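Everything on this sheet refers to the single structure shown next.
Labels below follow one simple rule: chain letters A, B, ... track the order of the sequence lines, proteins then strands, and each chain is numbered from 1. Only heavy atoms go into these numbers, but all of them, side chains included; no hydrogens, no water, no symmetry mates. Just so we're clear, the structure is a prediction, and the values are computed from it rather than from any experiment.
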2 protein chains.
Amino acid sequence: MSNSVPEISDAEFSVLDVLWQQNPASANDIIAKLNETKPWHEKTVKTLLNRLVKKQAINYQKQQRSYLYSPLIERESYLVKQSKTLVDKLFRGHLSPLVTGFAQQSRLKKDDIDALKSIIADWEKEKKDD
Amino acid sequence: MSNSVPEISDAEFSVLDVLWQQNPASANDIIAKLNETKPWHEKTVKTLLNRLVKKQAINYQKQQRSYLYSPLIERESYLVKQSKTLVDKLFRGHLSPLVTGFAQQSRLKKDDIDALKSIIADWEKEKKDD
DNA sequence: ATACATAGATTACAAGTGTAATTATAAAGA
DNA sequence: TCTTTATAATTACACTTGTAATCTATGTAT
């Protein structure tokens, strides 16, 4: 079956990320949003949009003269896949060394800790249910 | 000051990873080790070694006719940097959504849970110490 | 001394990426 | 209708990457 998510480059990801926040969006919307943080030329963003279309990562529908773009790949599953890819590559599939290294480096926030607690709680419950 | 770790491609990383396990190592050592898991031609591995040298990610010293290579960048800090880069890019610096997504996807192992507990314990202690 | 083998150095080459400029096309205004 | 002007499509171009093949220099065997 499905879908073998296409490879998305870093620059392309930034464009996709805007579309995940604002869907659909015109090229100009996207350019404006990106330019809040990146000094990218309009033409550059158009190129990235075209490449994403070609990769079937996004979609568009004609709206008068211009297009309205939408993501075709789901944010959640993309993020999970990327996380897993990195953890597999760097830590042979083990999450804990990532968390440990990360925790030493940059201090965890309270919500990080809460999330970890809740994950542990779920895990303990599952274990009991087995 | 330091060091702005060079960009390491995926293929290059695999080579570096061997050197982190076995330091120093000859080209042939590395080729043999890599060929346990990857069908890479000898010439390919040599190319990767050269690129890593050029990037100053590794080093060598002449040993008779051949070289003995060693890593110049430290494994720990490289892994932490890559983790942070990904978490910044995908989750705007927050670790928890990564862990949550990861936990949903692929079941955590007991040692992952233990590591998480110990991280939480450390965090609680630190908080108290403030 | 000469030929072969072997390690490293150099070169190759297509695909992907960052970063646009140029061209074509269609709507809108003169 | 002709011209200007937005948009989108096509082309550009250098750098990186994956994946080697070829060249060169130096030990080794005859």
Side-chain angles (χ1 to χ4, degrees), chain A residues 4-19 24-70 72-73 78 82 85-86 89, chain B residues 4-19 24-70 72-73 78 82 85-86 89:
Chain A
S4 78
V5 176
E7 295 305 310
I8 306 292
S9 79
D10 278 355
E12 288 162 2
F13 174 80
S14 302
V15 172
L16 197 49
D17 203 22
V18 169
L19 277 175
S26 71
N28 283 340
D29 291 343
I30 295 167
I31 291 162
K33 185 74 177 172
L34 284 171
N35 282 343
E36 290 173 13
T37 56
K38 323 217 178 216
W40 290 350
H41 196 286
E42 159 206 11
K43 304 296 189 181
T44 299
V45 178
K46 299 277 185 93
T47 298
L48 295 171
L49 284 168
N50 280 326
R51 289 179 182 169
L52 285 167
V53 168
K54 195 160 296 168
K55 290 179 178 182
Q56 296 187 267
I58 70 175
N59 220 203
Y60 61 82
Q61 55 182 132
K62 269 198 182 80
Q63 164 83 348
Q64 24 102 66
R65 264 171 76 30
S66 65
Y67 294 171
L68 284 184
Y69 295 89
S70 301
L72 281 181
I73 69 188
Y78 181 79
Q82 293 309 299
T85 298
L86 188 88
K89 173 182 158 188
Chain B
S4 78
V5 177
E7 295 305 310
I8 307 292
S9 79
D10 278 355
E12 288 161 3
F13 174 80
S14 302
V15 172
L16 198 48
D17 204 21
V18 169
L19 276 174
S26 70
N28 283 340
D29 292 343
I30 295 167
I31 290 162
K33 184 74 178 172
L34 283 172
N35 282 344
E36 291 173 11
T37 55
K38 324 218 178 215
W40 289 349
H41 196 286
E42 158 206 12
K43 304 296 188 181
T44 300
V45 178
K46 300 275 187 96
T47 298
L48 295 172
L49 283 168
N50 280 326
R51 288 181 182 167
L52 284 167
V53 168
K54 195 160 296 167
K55 289 180 179 184
Q56 297 188 267
I58 69 176
N59 220 201
Y60 61 82
Q61 53 182 133
K62 269 198 182 78
Q63 165 84 346
Q64 25 101 66
R65 261 169 79 32
S66 66
Y67 294 171
L68 283 184
Y69 295 89
S70 302
L72 282 180
I73 70 188
Y78 181 79
Q82 293 310 298
T85 298
L86 189 89
K89 173 181 159 191

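When rounded to the nearest whole Å, the span between NZ of B:Lys62 and P of D:dT26 equals 9 Å. Here D:dT22 presents its P atom at 10 Å from NE2 of B:His41, a figure rounded to the nearest Å. If you measure from atom NZ of A:Lys46 to atom C1' of C:dT25, you get 13 Å, rounded to the nearest angstrom. Distance, A:Lys54 NZ to D:dA8 C1': 12 Å, rounded to whole Å. If you take CG of B:Leu49 and C1' of D:dT17, they are 15 Å apart, rounded to a whole angstrom. Atoms CD (A:Glu42) and C1' (D:dA8) sit 10 Å apart, rounded to a whole Å. Atom CD1 in B:Ile31 sits roughly 11 Å away from atom C1' in C:dG8 (whole-Å rounding). The CD atom of A:Glu12 sits 13 Å away from the C1' atom of C:dT19 (whole-angstrom rounding).
For the OP1/OP2 pair of D:dT7 and a distance below 4.0 Å, the side-chain nitrogens and oxygens of A:Tyr69 include no atom meeting the criterion. Listed pair A:Lys43 / C:dA21 fails the phosphate criterion, with no side-chain N or O lying under 4.0 Å from OP1 or OP2. Of the side-chain N and O atoms in A:Asn50, none sit less than 4.0 angstrom from OP1 or OP2 of D:dT10. OP1 and OP2 of C:dT6 both lie 4.0 Å or more from every side-chain N or O belonging to B:Tyr67. Of the side-chain N and O atoms in A:Trp40, one or more sit less than 4.0 angstrom from OP1 or OP2 of C:dT19. At least one side-chain nitrogen or oxygen of B:Lys55 sits closer than 4.0 Å to the OP1 or OP2 atom of D:dT17.
Across all strands, A:Lys38 comes closer than 4.0 Å to no nucleic acid atom at all (heavy-atom distances). Among the heavy atoms of the strands lying under 4.0 Å from B:Ser9 are primed sugar atoms or P, OP1, OP2 only; no base atom is included. Residue-level contact check: B:Ser66 touches the backbone only, with heavy atoms under 4.0 Å from sugar-phosphate atoms and none from bases. When heavy atoms are screened at a 4.0 angstrom cut-off, A:Asp10 is found touching the sugar-phosphate backbone but no base atom.
A donor-acceptor contact under 3.5 Å links the side chain of A:Arg65 to the base of D:dA6. Side-chain N/O atoms of A:Arg51 and base N/O atoms of D:dT10 include no donor-acceptor pair closer than 3.5 Å.
Considering only heavy atoms from C-beta on, A:Leu16 comes within 4.5 Å of A:Ile73 through its side chain. Counting heavy atoms from C-beta on, the side chains of B:Asn35 and B:Glu42 never come closer than 4.5 Å. Residues B:Lys89 and A:Gln82 form no side-chain contact, since every pair of their non-hydrogen atoms from C-beta on lies 4.5 Å or further apart.
The shortest non-hydrogen separation linking A:Ser14 to A:Leu34 is O-CD2, 3.7 Å. Residue A:Ile8 comes nearest to A:Phe13 through the heavy atom pair CG2-N, 3.5 Å, listed as atom of the first residue, atom of the second, then distance.
Checked by atom type and distance alone, the side chain of B:Asn50 never pairs as donor or acceptor with a backbone atom of B:Thr47 at under 3.5 Å.
Counting only N and O atoms by type, the side chains of B:Ser26 and B:Asp29 include a donor and acceptor under 3.5 Å apart. Side-chain contact annotation: A:Ser66 with A:Gln64, donor-acceptor N/O pair under 3.5 Å present.
Summary for the helix from C:dA1-D:dT30 to C:dA30-D:dT1: the axes at its two ends, each from 5 pairs, differ by 30° when rounded to the nearest 10 degrees.
In terms of position along DNA chain C, the nucleotide closest to B:Asn28 lies nearer the 5' end than the nucleotide closest to the other residue of the pair B:Thr47 and B:Asn28.
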